[in-house]
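Data first, discussion second: the structure below is written as structure tokens.
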Amino acid sequence: MAARKEQIPSVWTRPQRARRRDQPALSREQIVAEAIAILDADGIEALSMRRLGTRLNAGATSMYTHVANKEELIELVVDEVLGELRLPDTTALRGSGSSGAAGSGSVGSGSADPDAWRAAITECADGVRATVLRHPWLVSVLGDVGLAYLGPNMMRFSEAMLTVLEEAGFELLEANDAMGVVMAFVVGMATSEASWLTTIARHGTDEQAWVEQLLPAAKEAARGHPRLHRLYLMQQSLDASATREKGFANGIRLVLDGIELAHRARTENR
């Protein structure tokens with residue numbers, strides 16, 4: 001007798017359970033909203049099914065009608081938060097010569113604005129970063145959310161990014177690789193920023209004061225490393241928040257420069 005094939009455990013791969021008539025009318029939306037409120041206020045360690053049930057004045061049975069376990073709950077809250085992302089406007093990409101998936105020329109060939117794809121992807125990157133910084137707990141669960149990328153909000157956002165890149169002349173698989181590189185950079189940078197800002201908030205100070213306290217020790221530690229020492233000397237007169245913003249903007253520009261150069265080299269060698 002053949003073994004039964006195991007279903008991949010995810011809230012997105014099973015049908016939603018029907019609520020029994022004797023259960024309170026608790027909705028999935030209520031559960032997710034309350035979970036996000038806990039996460040934003042107290043972080044990932046504070047979220048438990050028991051605490052959530054207490055906050056909602058709901059028993060375990062009514063909770064588990066909507067989510068089988070905490071892992072499914074995390075999938076739902078992650079996708080809900082990703083729903084805050086604004087989809088890019090692709091109007092400027094659609095010129096008279098655009099074919100949607102041409103893949104046979106330089107980036108932006110045939111589009112109304114050859115740089116519009118970069119502006120649209122930068123807008124996406126800025127949106128992801130801002131969302132992570134609003135919800136710093138997000139960085140601790142992005143690698144543990146199972147099939148979160150099957151959630152409707154993430155699917156819409158990914159489809160929009162792929163549309164931008166295809167309209168700019170990337171082939172679909174190439175566009176997917178480019179999207180992956182952009183998202184890896186953004187999540188990596190935003191993770192570091194979120195951890196940095198959370199640490200500062202935990203000490204009850206602001207970013208500029210924290211940097212000014214940290215720099216003397218950093219400069220002393222870097223005395224045997226001339227480039228690092230020179231770098232810290234340059235940073236002591238800079239606005240900390242503005243420097244962080246500029247660093248992200250420069251970083252995404254470098255990522256897009258690399259993607260554009262790789263695309264041009266690939267199409268020229270065909």
Side-chain angles (χ1 to χ4, degrees), residues 33-48 51-52 55 70 73-74 77-78 80-86 118-119 121-145 148 157 180-259:
E34 196 61 43
I36 291 174
I38 293 172
L39 289 164
D40 285 346
D42 301 317
I44 190 66
E45 298 82 4
L47 181 64
S48 69
R51 181 178 179 186
L52 184 58
R55 290 265 297 241
K70 184 177 176 179
L73 176 62
I74 293 297
V77 298
V78 167
E80 183 68 21
V81 166
L82 293 177
E84 297 175 9
L85 296 171
R86 195 172 78 179
R118 292 180 61 118
I121 295 298
T122 299
E123 181 183 351
C124 291
D126 288 341
V128 174
R129 173 180 176 247
T131 299
V132 171
L133 295 185
R134 280 195 304 275
H135 307 283
W137 52 268
L138 194 59
V139 300
S140 63
V141 297
L142 280 176
D144 288 319
V145 291
F157 186 71
V181 169
V182 170
M183 291 297 289
F185 168 78
V186 175
V187 171
M189 286 290 289
T191 295
S192 297
E193 285 187 89
S195 299
W196 163 258
L197 294 173
T198 299
T199 298
I200 292 170
R202 193 182 304 127
H203 284 80
T205 185
D206 62 62
E207 187 173 9
Q208 191 64 36
W210 181 259
V211 169
E212 288 172 0
Q213 287 180 316
L214 186 63
L215 270 175
K219 287 187 291 184
E220 184 61 32
R223 283 196 178 278
H225 308 280
R227 290 170 183 80
L228 278 176
H229 191 260
R230 192 164 73 248
L231 179 64
Y232 292 142
L233 287 175
M234 293 168 63
Q235 290 177 334
Q236 66 185 359
S237 60
L238 300 177
D239 178 89
S241 178
T243 299
R244 187 164 45 80
E245 295 290 331
K246 185 178 179 180
F248 183 84
N250 286 339
I252 195 64
R253 175 180 55 79
L254 291 171
V255 169
L256 296 182
D257 284 349
I259 289 171

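For this chain, numbers begin at 1 and follow the sequence in order. FYI, side chains are in, hydrogens and waters are out, and symmetry mates aren't considered; it's all heavy atoms of this structure. This is a predicted model, so every value here is computed, not measured.
For the pair His229/Pro226, no side-chain contact is recorded, criterion being any heavy-atom separation below 4.5 Å from C-beta on. Using a 4.5 Å cut-off on side-chain heavy atoms (C-beta onward), Leu47 and Ile74 make contact. Looking only at side-chain heavy atoms (C-beta outward), Val139 and Val187 stay at 4.5 Å or farther from each other. The shortest distance between side-chain heavy atoms of Val182 and Leu256 falls below 4.5 Å.
The CG atom of Leu52 lies 10.5 Å from the NZ atom of Lys70; values are rounded to the nearest 0.5 Å. Between the CD atom in Gln236 and the CG atom in Leu215 there is a gap of 7.0 Å [rounded to 0.5 Å]. Atom CG in Leu197 sits 11.0 Å away from atom CG in Asp206 (nearest 0.5 Å). Annotation: the span from Ile38 atom CD1 to Trp137 atom CH2 amounts to 11.5 Å, rounded to 0.5 Å. Summarising the geometry, atom CZ belonging to Phe248 is positioned 6.5 Å from atom CE belonging to Met189; distances are rounded to the nearest 0.5 Å. Rounded to the nearest 0.5 angstrom, Leu39 CG and Ile44 CD1 are separated by 5.0 Å.
In plain terms, the two heavy atoms of Arg51 and Ala46 that are nearest each other are NH1-CB, 3.1 Å. In terms of heavy atoms, Leu133 sits closest to Ala190 at CD2-O, 4.0 Å. Considering every non-hydrogen atom in both Gln208 and Ala240, the closest pair reads OE1-N, 2.7 Å. Looking at every heavy atom in both residues, Phe157 comes nearest to Cys124 through CZ-CB, 3.6 Å. Here the closest heavy-atom approach between residue Val132 and residue Ala194 is recorded as CG1-CB, 4.3 Å.
Salt bridge status for Arg129 with Glu245: present, with a side-chain N to carboxylate O gap under 4.0 Å. Contact check on Asp257 versus Arg118 returns a salt bridge, with a Lys/Arg side-chain nitrogen under 4.0 Å from an Asp/Glu carboxylate oxygen.
Ring pair Trp210/His203 is tilted by interplanar angle, where 30° to 60° counts as tilted.
Applying the salt bridge (Lys or Arg N to Asp or Glu O under 4.0 Å) criterion to Arg202, with sequence neighbours excluded, gives no partner residue. Scored by the side chain to side chain contact (heavy atoms under 4.5 Å, CB included) test, Arg134 finds Glu84, Ala130, Thr131 as partners (sequence neighbours excluded). The salt bridge (Lys or Arg N to Asp or Glu O under 4.0 Å) search around Arg230 returns none, not counting sequence neighbours.
More than 12 heavy-atom neighbours from other residues, nucleotides or ligands sit within 6.0 angstrom of CZ on Arg253.
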